[in-house]
Amino acid sequence: MGTNADIFHQPLFFLFVGFSVLLTLGYFWGRRLNRRIYQSAFSDLVDIVKPDDQNFTNIGGAVGFHANLFVKKKGTPFSRVDATITLLPRHSWLYLPISKLIRKYDRLFITLYLKKPPAEEAHLIENKYSKFMGSKIENAHLMHHETVKWKNIDFHLYYTSREMLEKMRAFIKKNPDPGIIRHIALVPEQKKGFVFMIPKPDQVARYFSPIYHWLPSVLKP
C-alpha cells in the first residue's frame, strides 16, 4: 500500500505541479501585457484629444476598459471621445486559444461626438472585418459602393456623393498604410464618427491621429 510520500515520486504529480506553475506565470504575463496594451492605447488617445476632463473605467477585469474624454474648448469640432477596448484573455491560457478562434484579436472601438454632423454617411471598412458579426452596415443598400486597395488590402468604400468619395480617396492617398485601422464610419443622424482598430502598443496614435485631424473636413459647414 502506497504512502503519502509516494505521491511526490509520481510523474503525474510533477506534471501537475509544472502545469500549475506554467498557468500561474501565464496569468501574470497576460495581465501585464494586457495592461501595457490598454494603457498605451488610452495614453495615445489622451495625447491626441487633449481632453479637459477624463474618466477611465474597468469593465471586464483584465480584458475590458472604457475611457471618456471630454472636450470643452471652444472652436473644436468634438465634444467628447469615448473608447472601449476589449482584450484577449492572455492571463487565462486555458481559454486563450478558444478566444482567439472566436474573437481573433483585441478590439478598440472609438466614438467621436461631433458638434456638427458629417455631410453624409460614409464607411471605409476592411473586407475581412466586414464579414464579422456586428460589423454590418445598415444603410449599405442606400449608398454607392466600390472596393479599393489600401496598401494591398481590400477595403469597401461606401458613400453618397462624388465629393465624399474624393475626400476619402484623398485620405487614403495621404495615409498609404491602414496599419491597425479596420473601419472608419461617419453617421450624420447620430452626429458621430466611429473608428475600429486592433490596438497594439505605441501604434494607436500613429493611425488615429490622421483620422482625428481629417474628420473636421467632412462635416457640414
Side-chain angles (χ1 to χ4, degrees), residues 41 44-54 67-84 107-132 134-151 153-199 203-221:
D44 282 357
L45 291 177
V46 168
D47 288 344
I48 295 168
V49 176
K50 296 178 174 57
D52 299 291
D53 195 9
Q54 57 198 42
N68 303 109
L69 309 178
F70 301 94
V71 184
K72 301 176 183 178
K73 305 179 188 70
K74 291 184 178 180
T76 176
F78 307 100
S79 60
R80 192 172 106 208
V81 176
D82 289 351
T84 299
R107 301 172 182 229
L108 175 61
F109 301 91
I110 304 172
T111 303
L112 301 106
Y113 291 77
L114 305 165
K115 293 179 181 178
K116 294 181 179 180
E120 64 184 68
E121 183 170 356
H123 296 264
L124 185 59
I125 183 169
E126 194 259 338
N127 178 49
K128 291 182 180 178
Y129 175 64
S130 68
K131 299 174 183 177
F132 287 173
S135 61
K136 182 180 178 181
I137 299 172
E138 292 185 1
N139 295 326
H141 63 289
L142 301 176
M143 294 179 280
H144 300 297
H145 164 259
E146 66 178 55
T147 300
V148 296
K149 287 286 186 182
W150 196 356
K151 196 182 179 181
I153 301 174
D154 287 332
F155 274 76
H156 296 294
L157 201 165
Y158 294 90
Y159 62 96
T160 300
S161 71
R162 186 76 186 181
E163 182 180 0
M164 180 62 74
L165 172 63
E166 294 303 326
K167 286 184 176 182
M168 299 191 81
R169 282 178 173 173
F171 176 81
I172 294 173
K173 185 176 181 179
K174 187 176 181 180
N175 302 277
D177 183 2
I180 59 176
I181 300 170
R182 293 297 177 269
H183 190 188
I184 301 172
L186 308 174
V187 184
E189 293 78 10
Q190 300 180 32
K191 292 177 67 174
K192 292 177 183 177
F194 298 92
V195 180
F196 172 70
M197 296 180 163
I198 301 175
Q203 291 197 35
V204 171
R206 175 183 175 185
Y207 294 102
F208 178 67
S209 181
I211 301 172
Y212 187 77
H213 293 100
W214 169 77
L215 273 177
S217 70
V218 297
L219 304 183
K220 285 184 178 180

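Small disclaimer: the values here were computed from a predicted structure and weren't measured.
- Looking only at distances, no side-chain donor or acceptor of Ser209 sits under 3.5 Å from a matching main-chain atom of Arg206.
- Between Phe109 and Phe194, the distance separating the two ring centers is not shorter than 6.0 angstrom.
- Between the side chain of Trp150 and the backbone N or O of Glu126, no donor-acceptor pair lies under 3.5 Å.
- Distance check, rounded to the nearest 0.5 Å: OG1 of Thr147 to CG of Asp154 gives 6.5 Å.
- Of the inter-residue distances, the one linking Thr160 atom OG1 with Met143 atom CE reads 6.5 Å to the nearest 0.5 angstrom.
- The two residues Pro188 and Pro117 make their nearest non-hydrogen contact at O-CB, 3.6 Å.
- You'll find the side chain of Leu219 reaches within 4.5 Å of the side chain of Pro77, heavy atoms only.
- Of all heavy-atom pairs spanning His145 and Tyr159, the tightest one is N-CE2, 4.3 Å.
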*asked:* Run the side-chain contact (heavy atoms from CB on, under 4.5 Å) test on Ile184 and Phe196 for me, step by step, so that the C-alpha distance in whole Å, both residues' side-chain angles and the decisive distance to 0.1 Å come before the verdict.
replied: CA-CA 7 Å; Ile184 301 172; Phe196 172 70; over 6 Å; no
*Can Tyr158 and Met164 be said to form a side-chain contact (heavy atoms from CB on, under 4.5 Å), step by step?*
CA-CA 9 Å; Tyr158 294 90; Met164 180 62 74; over 6 Å; no
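- Open room surrounds CD on Glu138; 12 or fewer heavy atoms of other groups in view lie less than 6.0 Å from it.
- A side-chain donor-acceptor contact under 3.5 Å links Asp52 to the backbone of Lys72.
- Other residues, nucleotides and ligands contribute more than 12 heavy atoms inside 6.0 Å of the NZ atom of Lys73.
- The shortest side-chain heavy-atom distance between Lys131 and Ile125 does not fall under the 4.5 Å cut-off.
- The 12-atom threshold is not exceeded at CD of Glu163, counting heavy atoms of other residues, nucleotides or ligands nearer than 6.0 Å.
- Separating the CD1 atom in Ile172 from the CG atom in Asp177 is a distance of 12.0 Å, to the nearest 0.5 Å.
- In this structure, CG on Asn139 lies 4.5 Å from CD on Glu121, to the nearest 0.5 angstrom.
- Considering only heavy atoms from C-beta on, Ser79 stays 4.5 Å or farther from Val71 through its side chain.
- A distance of 11.5 Å separates CZ in Arg182 from CZ in Arg107, rounded to the nearest 0.5 Å.
- Aromatic rings from His123 and His156 are positioned such that their centres are separated by 6.0 Å or more.
- Within the model, atoms CG of Leu108 and CD1 of Ile110 stand 4.0 Å from one another, a figure rounded to the nearest 0.5 Å.
- For the pair Lys192 (side chain) and Leu114 (backbone), a donor-acceptor distance under 3.5 Å is absent.
- At distances below 3.5 Å, at least one donor-acceptor pair connects side-chain atoms of Lys115 with backbone N or O atoms of Thr76.
- Residues Leu112 and Tyr212 form a side-chain contact, since some pair of their non-hydrogen atoms from C-beta on lies under 4.5 Å apart.
- By the 4.5 Å heavy-atom criterion applied to side chains, Phe208 and Leu45 are counted as neighbours.
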*asked:* What verdict does the side-chain contact (heavy atoms from CB on, under 4.5 Å) test give for Leu69 and Phe78, after you've listed the backbone C-alpha separation in whole Å, the side-chain angles of each residue and the deciding distance to 0.1 Å?
replied: CA-CA 10 Å; Leu69 309 178; Phe78 307 100; over 6 Å; no
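- A salt bridge links Arg169 with Glu146; the closest basic N to acidic carboxylate O contact falls under 4.0 Å.
- Judged by the 6.0 Å distance and 45° axis criteria, Arg80 is positioned over the aromatic ring of Tyr113.
- The two residues Ala205 and Ile48 come nearest to each other via the heavy atoms CA-CD1, 3.6 Å.
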*Could you check Leu186 against Leu215 for side-chain contact (heavy atoms from CB on, under 4.5 Å), going step by step and ending with a plain yes or no?*
CA-CA 9 Å; Leu186 308 174; Leu215 273 177; 3.2 Å; yes
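- Between Phe171 and Pro210 the shortest heavy-atom distance is CE1-O, 3.7 Å.
- Here the shortest heavy-atom pairing between Lys191 and Pro118 reads CA-CD, 4.4 Å.
- Here the closest heavy-atom approach between residue Val204 and residue Asp44 is recorded as N-OD2, 3.4 Å.
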